[in-house]
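In what follows, a structure is listed as structure tokens, so that the remarks can point back to it.
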Protein chains: 2
Amino acid sequence: MTSASAPSFNPGKGPGSAVGIALLGFGTVGTEVMRLMTEYGDELAHRIGGPLEVRGIAVSDISKPREGVAPELLTEDAFALIEREDVDIVVEVIGGIEYPREVVLAALKAGKSVVTANKALVAAHSAELADAAEAANVDLYFEAAVAGAIPVVGPLRRSLAGDQIQSVMGIVNGTTNFILDAMDSTGADYADSLAEATRLGYAEADPTADVEGHDAASKAAILASIAFHTRVTADDVYCEGISNISAADIEAAQQAGHTIKLLAICEKFTNKEGKSAISARVHPTLLPVSHPLASVNKSFNAIFVEAEAAGRLMFYGNGAGGAPTASAVLGDVVGAARNKVHGGRAPGESTYANLPIADFGETTTRYHLDMDVEDRVGVLAELASLFSEQGISLRTIRQEERDDDARLIVVTHSALESDLSRTVELLKAKPVVKAINSVIRLERD
Amino acid sequence: MTSASAPSFNPGKGPGSAVGIALLGFGTVGTEVMRLMTEYGDELAHRIGGPLEVRGIAVSDISKPREGVAPELLTEDAFALIEREDVDIVVEVIGGIEYPREVVLAALKAGKSVVTANKALVAAHSAELADAAEAANVDLYFEAAVAGAIPVVGPLRRSLAGDQIQSVMGIVNGTTNFILDAMDSTGADYADSLAEATRLGYAEADPTADVEGHDAASKAAILASIAFHTRVTADDVYCEGISNISAADIEAAQQAGHTIKLLAICEKFTNKEGKSAISARVHPTLLPVSHPLASVNKSFNAIFVEAEAAGRLMFYGNGAGGAPTASAVLGDVVGAARNKVHGGRAPGESTYANLPIADFGETTTRYHLDMDVEDRVGVLAELASLFSEQGISLRTIRQEERDDDARLIVVTHSALESDLSRTVELLKAKPVVKAINSVIRLERD
């Protein structure tokens, strides 16, 4: 959107004015948002320049008993609530995509600023939402959608606004980080570690969205959009989860001084045509233990940013949970409320760069390949020349005895993902290759 | 300042308008700011909504040759430059206190927004500067004043605006972190490590401001002000440097699974009268190696924040250097320029909490004491009862043979700093205590 089409500037309601809040959803996060708004009421009023006043809470079942909430605040009609004249900001903490999309769009169209924690919504429909916010000259905030309490949307959008971001790599899913950390520290296999994560409440009953990387892919789309001023949706993100990672993979990683993390990787690079392009992908990644992200353990999240002038930055903290997510939501509410009181708008969507989003095959990666091969003279030479014919140079080759066969662990130098994946197919077709045990990509320190 | 006294809201110059910049100072940081503004000109214009145009660069000696700068931009009259009608934003990267204070105040009074990287200026005169910015309804930004490229002022002020910050602990001085890390990793003593830091450009010819903690104290004052919504100046900060840290201290720390870092510690606590108070201090601190700050090595900086809802957060990156500092400065310039174009103001100083700043003696700390004592029966009991009489309970006591004497290493539980320091004086007066080798405070994981 160009700013020319935006309506004239709104100078704000003036200092001392109350700011009306509609809260959509009253689950773990919504309850915490309400608690913090109540508990910190006086402080927040000072920070905003006027008090926050909750006009209503939209829930799916009004009859469910909810402790400490005035019953008259509850409603099942979210659309009526957001339309109220005395509502200035709509806070969406429902989850899902289609229903919140409709309510949020209606809220923006009605001139309400929106704060959402909904990564799936933002990653799927950011363009539509941003356009609606721009047309209505209101704010759309979603700090809580990426990495919970960790400030990352704000720093990328504001603090690094004078720099050129080269890459953003993040551990953005606490469930998978907990599982991989458990595998790394105990030697347990994937199934047992997932069971432990479920038992402790770090994994949901259906863990698919987490372990298959879909949650991380939404966050990668949001991070890439902001970092590279280009619209990126979850569909643009290559996504591979952790369910194929074995105890043997973890052990091999440890032997080579590495650890395995599920990373969301967003980077700007120069493609074959010599033009700038961006890539956003989620996959298990081998990291040297000296890398700052390697020591992010348990369910913690961290975002590692490389920028031209700033160099390397890392943001670390709680990526999920009611209170941390509510902290991020309320930080956004204060920002949106300040603008409602004092006037002004936060930086909105920025898409001027509009860089091409590379297919995964066009990106440059490094492979760590674990194979069983025939244990006889000439096999190594045969496989090495296959790599060489495909234009892939090798960094290390390690061979181990294993029963009747030999185990071969190959680490490549960086090469086109399409060349690397084709090479793996060719390896599979070789009679001397008994099995490809694992293919894991690798990042350097 | 109450917002009631602020003049009416400025709606901005409108999309497409150029934003005039006056650059004060053209040293390492100023040169980099200029380079980035030139190199990223088109991108910055997109992010701002209008181009940045440098109106002039104030330097102390106009005759000095400066490559790649149009000579007509240079001036020795900073005051005339900032008064120019076509200047919207003044960027101060001179250093020092008194002269930049005068120019910055004049700029604010003339209705210019100011971006400064000058921690000493902000820590000494934040109240005066904030009042001037408020009165003129302009922005005063200083992200680069704390921890260089690491976004911390923005995240504390905006992202955590909905939360209650409990403490901020930071490694905010790269020189001292480089020296302590060198001592820790090589076993070298302080003098050799300082010499190495000087040789590699990590320490200045006169390292006093860094090694005695004054630089960190300025940053502690700024962090405490923002985190606790209270005016804190460098004079309010207890300050102790690293020049007394010996190789033996480092070795003893390692033996106990600790490392020594120079920390800026800002915390909110409940004082003896049961009231909220804040403390800001800088001193060498023993940290368990498992603490996230313990692994921040070389000249890197990191800020560790604990907030009620967000939990623990850490921000990590380059704390100094021309390009990283310029990145932070330019991020602020983009923010201030956006407001000049689109209207609105960034959150200004917030001092509503106005909490009492505790004397250092009123704060709670833990001591790690290394003493030489007489090696005979009854000494341990005599010293243990001295601690007990002073109301201090001990966490660990470790005794080692040393020549004719015994070396006693005592770690206390947390107690009032005044009780702890008095106890050390009483120990010194005991005939059985031959020497107090070191007293270093300790933080837990």
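- Annotation: maximal heavy-atom pairing with chain A below 4.5 Å, among M37(B), H229(B), E32(B), E143(B), occurs at H229(B).
- Among R312(B), R157(B), E43(B), the residue making the largest number of heavy-atom pairs under 4.5 Å with chain A is E43(B).
- Both the backbone and the side chain of L160(A) come within contact range of chain B, each with at least one heavy atom under 4.5 Å from a heavy atom of that chain.
- Annotation: maximal heavy-atom pairing with chain B below 4.5 Å, among P347(A), G148(A), A302(A), occurs at P347(A).
- In this structure, CD on E39(B) lies 8.0 Å from CD on Q164(A), to the nearest 0.5 angstrom.
- In this structure, chain B has a heavy atom under 4.5 Å from the side chain of R35(A), while its backbone stays farther away.
- Of the residues considered (S327(A), G317(A), P292(A), G335(A)), S327(A) shows the highest number of contacts with chain B, using heavy-atom pairs under 4.5 Å.
- The two residues L36(A) and A309(B) come nearest to each other via the heavy atoms CD1-CB, 3.7 Å.
- Using a 4.5 Å cut-off between heavy atoms, A346(A) touches chain B through its backbone atoms (N, CA, C, O) alone.
- Looking at every heavy atom in both residues, A161(A) comes nearest to L44(B) through O-CD2, 3.5 Å.
- To the nearest 0.5 angstrom, R158(B) atom CZ is 7.5 Å from Y141(A) atom OH.
- In terms of heavy-atom proximity, I150(B) sits nearest to L313(A) at CA-CD2, 3.9 Å.
- Side-chain contact check for R47(A) and Y352(B): at least one donor-acceptor pair (N or O, by modelled atom type) lies under 3.5 Å.
- If you measure heavy-atom distances from R338(B) to chain A, the contacts under 4.5 Å come from the side chain alone.
- Put simply, of A310(A), G311(A), A149(A), the one with the most heavy-atom pairs under 4.5 Å next to chain B is A310(A).
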Step-by-step side chain to side chain contact (heavy atoms under 4.5 Å, CB included) determination, D163(A) to Y40(B): CA-CA 8 Å; D163(A) 210 327; Y40(B) 303 164; 4.1 Å; yes
